[in-house]
Structure formats: structure tokens, C-alpha cells
Amino acid sequence: MSVSITNSGVSESPGDLFDAPEGSALIHACNSQGSWGAGIAKVFKLKLDQYPAAYRYYRSHCQTYRYGVTNHTILNLQAEDESTIKVRLPLGTALVIPPQQSDCKGGRKAHWIICLFTSRDYGKRVDSPDMIINSTHAALQDLKSQVNSLQNDIQGSQKPPPGELWSCRFNSGLFGVPWGKTRSLLDNVGLDLRVVYPADDTKEIDERKVS
Ligand SMILES: Nc1ncnc2c1ncn2[C@@H]1O[C@H](COP(=O)(O)OP(=O)(O)OC[C@H]2O[C@H](OP(=O)(O)O)[C@H](O)[C@@H]2O)[C@@H](O)[C@H]1O
């Protein structure tokens, strides 16, 4: 039985991320290497007829950090004290890609694409679950600050801010992080967000909560 689970501004229900309404933002987890090679990212890329410009935008963003080492300080949530960790940008940040004109042709929906940089690498070299949680926490704080600026700057900007924020159960697939860990961060970041998951992903949130 599918249950819509709501906690603060986060709701969960079966659905397809790409069914998000016109003008909404699609959130997914990304690596810093500029690869949308598998998982839901691959669906984004395979929907290349839908988001080619957004992919190029993400990839060029990663390439600006490829050679220079630009440090970014994030909280180490596993430490007792408020200790921090130095990581390389764009890890621990969010890239908010406005709808790209060339992606919206032929009646295709205009979607914002939000890339949360939660692991530096992917595949066998993916970061540890603890490290992914630290980067996710930092990236969500960054996203909240950017969404607030976009919403406060309506007069100044050309584009309306993102409508609804839709997300998949990011980090829980190829990045191998139990969904409950990421969901706990979403519950505490203070963003209104709709999480959708494939109908066959029948694990309820409580089953995914980790001790
Ligand atoms: N249409 C849809 N609507 C809603 N939910 C959907 C869906 N299709 C699948 N899902 C679910 O969305 C969750 C995340 O699934 P993923 O494994 O993709 O993402 P992740 O966040 O764990 O890992 C990120 C790395 O995976 C990629 O691949 P590469 O690294 O490029 O090789 C990236 O690039 C990153 O690096 C899983 O629960 C899927 O069931």
C-alpha cells in the first residue's frame, strides 16, 4: 500500500520525477566528475532530448573546478564536536540550473534541474556513506540559501523562481546510502519538497530509517 508520508515540508509518494509540473525543479544527486552515467542521472541524460543543455551546464560547472583546488569547509556530522572537513568544490554545494531555452522546445516542460554534489566520485570510487551524508547536509544548506535568494529576488531577476521542488530518493540507489539517513537531513533543512519514488520501490520510510 502506498502511503504519502509528510513531515514538516517534506512529502513522499509514488511517482515519476519527470512528471513534475512546468516550472518546478527536479533534484538529484551528482558526482563532481561531470558524469551522468548511470542511475536516475542516466535517465536525465538518456532524456537528452529533454535536458541536453542542462547536462552541458552541469558538466562545464564541474570542469571549472577540475584542475584548481578550491577548498570548501563542511561540517563533520559524525564528530562529537562541531569539527569540520575540507573538501574540493563543487562537493557539498548545489548547482541550480534554470530551465534552458533549448531544452524547452517542442512543447517540453520547462524544468529547473538541481544537482546536489554529494559524492566526489562515483562507481567503485564513490565516497563513503558517512561522507556522502556530510556533503548532502552542506549541499542542502547551500540549496536553501539559493532558493531563498531566488524567491526574494523576484523583482530583480528575469526568470520566475522555481515552483515546486521535486526530488527522487537521491543517494539511495547507486550511492548506496540508506534512504532514512538522507530523509532525516531533508526533514531538518526547512525546505518544502515533494519526494517521489517508483511505485515498485515499496520500502516505506520507516523500513529505511537506519539505527
Ligand atoms: N523517474 C524516477 N522518478 C523518481 N525516482 C526515480 C526515477 N528513476 C529512478 N528513481 C530512483 O531514484 C533514486 C536515486 O537513484 P540513483 O541510483 O540514480 O542515484 P543515487 O542518488 O543513489 O546516486 C547518484 C549517482 O548515480 C548516478 O550515476 P553515475 O554516478 O553517473 O554513474 C549519478 O551520476 C550519481 O553519480 C533511486 O531510489 C531510484 O529508484
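Note that ligands are numbered from 1 as they come in the structure, with each ligand's atoms numbered from 1 the same way.
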Which atoms of ligand 1 are found less than 4.0 Å from any heavy atom of [X]?
{"X": "Tyr122", "answer": "30 (O), 32 (O), 36 (O)"}
{"X": "Asn171", "answer": "20 (P), 21 (O), 22 (O)"}
{"X": "Phe170", "answer": "21 (O)"}
{"X": "Phe18", "answer": "1 (N)"}
{"X": "Asp16", "answer": "1 (N), 2 (C), 3 (N)"}
{"X": "Ala29", "answer": "21 (O), 24 (C), 33 (C), 35 (C)"}
{"X": "Val196", "answer": "4 (C), 5 (N)"}

Does an N or O anywhere in [X] fall below 3.5 Å from an N or O of ligand 1?
{"X": "Phe175", "value": "yes"}
{"X": "Gly123", "value": "no"}
{"X": "Cys168", "value": "no"}
{"X": "Leu174", "value": "yes"}
{"X": "Ser172", "value": "yes"}

Next item on the list: Could you tell me whether the side chains of Asp130 and Ser128 share a donor-acceptor contact shorter than 3.5 Å?
Entry: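 No - no donor-acceptor pair under 3.5 Å links their side chains.
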
Notebook entry, point to check: Side-chain donor-acceptor pair under 3.5 Å between Thr136 and Asn171, yes or no?
Noted result: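 Note: Thr136 and Asn171 side chains meet the donor-acceptor criterion.
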
Any side-chain to backbone donor/acceptor pair from [X] onto [Y]? Under 3.5 Å, distance only.
{"X": "His61", "Y": "Leu95", "answer": "no"}
{"X": "Arg108", "Y": "Asp103", "answer": "yes"}
{"X": "Tyr122", "Y": "Cys30", "answer": "no"}

Notebook entry, point to check: Using the ring of each side chain (for Trp, its six-membered ring), is Phe117 parallel, tilted or perpendicular to Tyr58, with breaks at 30° and 60°?
Noted result: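 Correct class here is parallel.
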
Next item on the list: Specify the closest pair of heavy atoms between Lys109 and Ala20, including all atoms of both residues, with the distance to one decimal.
Entry: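 Looking at all heavy atoms of both residues, the closest pair is NZ-O, 3.0 Å.
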
Check: Under a single-linkage rule joining Ile, Leu, Val, Met, Phe, Trp and Tyr whose side-chain heavy atoms are separated by less than 4.5 Å, which residues share a cluster with Tyr67?
Finding: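 For Tyr67, no cluster forms, as it stays isolated from other hydrophobic side chains.
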
